[in-house]
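Here's the structure, in C-alpha cells; my notes come after.
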Amino acid sequence: MHTPRTALCWLRRDLRLADHAALAHAQGAGRVLAAFVFDPAQLSGLARDDARVALIWHSLLDIRQRLRALGSDLAILHGDPADEIPLLAARAGAHAVFAARDYEPAARARDARVAAALATDGRALELVKDQVVFDTGEVLTRESKPYTVFTPYARAWRAKLAPADAGSLAVRLAADAFLPWREDGAVTLATLGFTDNPIGRAEAGEAAAAQRLAAFEAKIDDYHAARDYPARDATSQLSAALRFGTVSIRTLTRTALAHDGAGAQAWLNELVWRDFYQQLLWHFPHAATESFKPAFRDLPWPGEDSHFDAWRAGQTGYPLIDAAMRELLQTGWMHNRLRMVVASFLVKDLLIDWRRGEAHFAHHLLDYDLAANNGGWQWAASTGCDAQPWFRIFNPVTQSQKFDPDGAYIRRWVPGLAALDARSVHAPWQAKALPAGFALGRDYPVPIVDHAAQRERALALYGKQP
Ligand SMILES: Cc1cc2nc3c(=O)[nH]c(=O)nc-3n(C[C@H](O)[C@H](O)[C@H](O)COP(=O)(O)OP(=O)(O)OC[C@H]3O[C@@H](n4cnc5c(N)ncnc54)[C@H](O)[C@@H]3O)c2cc1C
C-alpha cells in the first residue's frame, strides 16, 4: 500500500498559517505535522509574566485550534530542540523537517545542532526564506560583498523587487494536507513556569495582526509626514507581529506596493531597513556583542550606575526621555523617534555603554529583535557601520519641542507634568513660571545631568579614539 510521505514543519518566528514559507514547502513534500518547541535556553532569565511568552502562547493556541479542526494538531514541546525535533520527526515518520531561516548567531548555532541530530537518522533540516524579502546572498554589491551602507542597499533592494518576491506562499488548509495527529497537551504556560500577560495576549494571533494592518492602511498615505510625532500614533505598530510572524513580510510588502504615494514609499523604506539589519547580522555576527566600527570598540564609558537607573525608570528630569522610558516599562513599546532619542541620551549624555541600553530594551520590548535592536543602538551610539556620525548629538529638549510640540505625548506618560504649558513642559527647570502647587524636585526630578556639559564630554570621549 502507498504510504503518503510526511514532513515536519517547525514553527519559530512564523506563528501563522497564511502566506507561510516553511508550511508551503513542507506541504510540497508530504502531509504536514506542525510543531513548536519552547527552548529552556531562551526562556531562562525572562520574567514570569513576560508578555512575549504570552504572545507566543496564545498565537500557538490559535494555530492549534485551527489544526485540530482539520484532524491534525500543533505539537507544543518543551526542551532542547536538538532532542525534541528529531524525536518528534521519528514519531511522526517525517522524512524531512522544514523551518524558516533565522539570522541570529544563537539561532544559527541551534539550527546546526538540530540539523546534525536529524542527520544521524538520515533526516534533513530544510531552511527556507520567510523572514525577509531578500535573503542574505540576494542583494550584494558589484563585488558580491554585503552592503554596509543603507542607501545603496535600499536602491539595489528596490531595483531587484519583482511582484513574485512579495507573492503569497499559499498554504492548503485541508484535512488531507495535514497529518492526523493528537498531542497530549502536557505543555502549558504554567508547566513552562509562566503566567498570562494581557499585553502579549492582545497582540497574539493572525487576527490581531490583520486588524493592526487594516487600521494602518487607512492612514498609510500620511505616514511620511506624521511618522516622527509620537503623539500622533501614525506608524503601524506591527513590529511585534512581524517579530513573531503573525503576519508575513510579504503581506506587508504587498500592502506597501498597493498604495501609491510618499506615505507608502516611506513605509516600504522601513521594511527595507528591517531586511538590511537582518542581513548585516548574518554577515557580521560579531556586531551582536561589540561595536561594528573597530575604532569605538574600547571606549572607556565613564557613566554612573545611578544615572543608568534613573534612565531605566524614566526619572532623568528630561520629560521626553522620561515619558518614553515609562511607556516602555508599561507597554513594551516605544516609538522609533523616541528609541533614537533615548538611546542617544544614554550613550552621549549619560556616557553609558550602549550595550547596557540594548539589554534593557531586549528585556522590555515586545517587538525585541536582535538585528533591529542592535542596529538601532549601534546607529545611535555611532558605533555601527552606517550610523549617526559621532559628533552629532541629539539635544533632548530641542527634539521634544520639535516632535512633541504641544507636549501631548509627554503629558500622556508623565502625568506629574500635566499642568505644565506647552512652553515649559519640555524643560521645566528653564520655565519662567511654573503652575501653582508644582514643585520641581518634588513633583518631577531636576535634570540629572546638564546636556551642554555632557555633550562636550561625549565629544572628547569619541574624539580621542583613533
Ligand atoms: C535603539 C533602537 C532600538 C530598536 N529596537 C528594535 C527592536 O528590538 N525590534 C524592532 O522591530 N525594531 C526596533 N527598532 C526599529 C524601530 O524603532 C521599530 O521597528 C519601530 O518603532 C516599530 O514601530 P512600528 O511597527 O510602528 O514601525 P513602522 O514605522 O510602522 O515600520 C514598519 C516596520 O518596519 C520595521 N522597521 C521600522 N523601522 C525600522 C528600523 N529602524 N530598523 C529595522 N526595522 C524597522 C519594523 O518591523 C516595523 O514594524 C529599534 C530602533 C532603535 C533606534
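What you see is a predicted model; the values in this text were computed from it and never measured.
With sequence neighbours left out, the side chain to side chain donor-acceptor pair (under 3.5 Å) criterion links Asn395 to Thr398. Annotation: side chain to side chain donor-acceptor pair (under 3.5 Å) contacts of His283 (sequence neighbours excluded): none. Partners of Arg110 under the salt bridge (charged side-chain N to carboxylate O under 4.0 Å, His left out) rule, at least two apart in sequence or in another chain, do not exist in this structure. Gln211 pairs by the side chain to side chain donor-acceptor pair (under 3.5 Å) definition with nothing, not counting sequence neighbours. Residues passing the side chain to side chain donor-acceptor pair (under 3.5 Å) test with Gln265 are Arg158, sequence neighbours excluded.
Checked by atom type and distance alone, the side chain of Ser291 never pairs as donor or acceptor with a backbone atom of Pro294 at under 3.5 Å. Judged by distance alone, with hydrogens and angles left aside, the side-chain atoms of Thr120 form a donor-acceptor pair with the main-chain N or O of Ala117 at under 3.5 Å. Under a 3.5 Å cut-off, the side chain of Asp353 and the backbone N or O of Arg355 do form a donor-acceptor pair.
Sorted by first and then second residue, the side chain to side chain donor-acceptor pair (under 3.5 Å) pairs involving residues 70-83 (not counting sequence neighbours) are Arg64-Asp73, Arg68-Asp73, Asp80-Arg113.
Remark: Arg212 does not engage Glu217 in a salt bridge, criterion side-chain N to carboxylate O under 4.0 Å. Classification of Arg232 and Asp222 as a salt-bridged pair holds, one side-chain N sitting under 4.0 Å from a carboxylate O. Between Arg48 and Asp196 no salt bridge is recorded (no basic side-chain N to carboxylate O distance below 4.0 Å).
Taken from CH2 in Trp10 to CZ in Phe98, the straight-line distance is 14.0 Å, to the nearest 0.5 Å.
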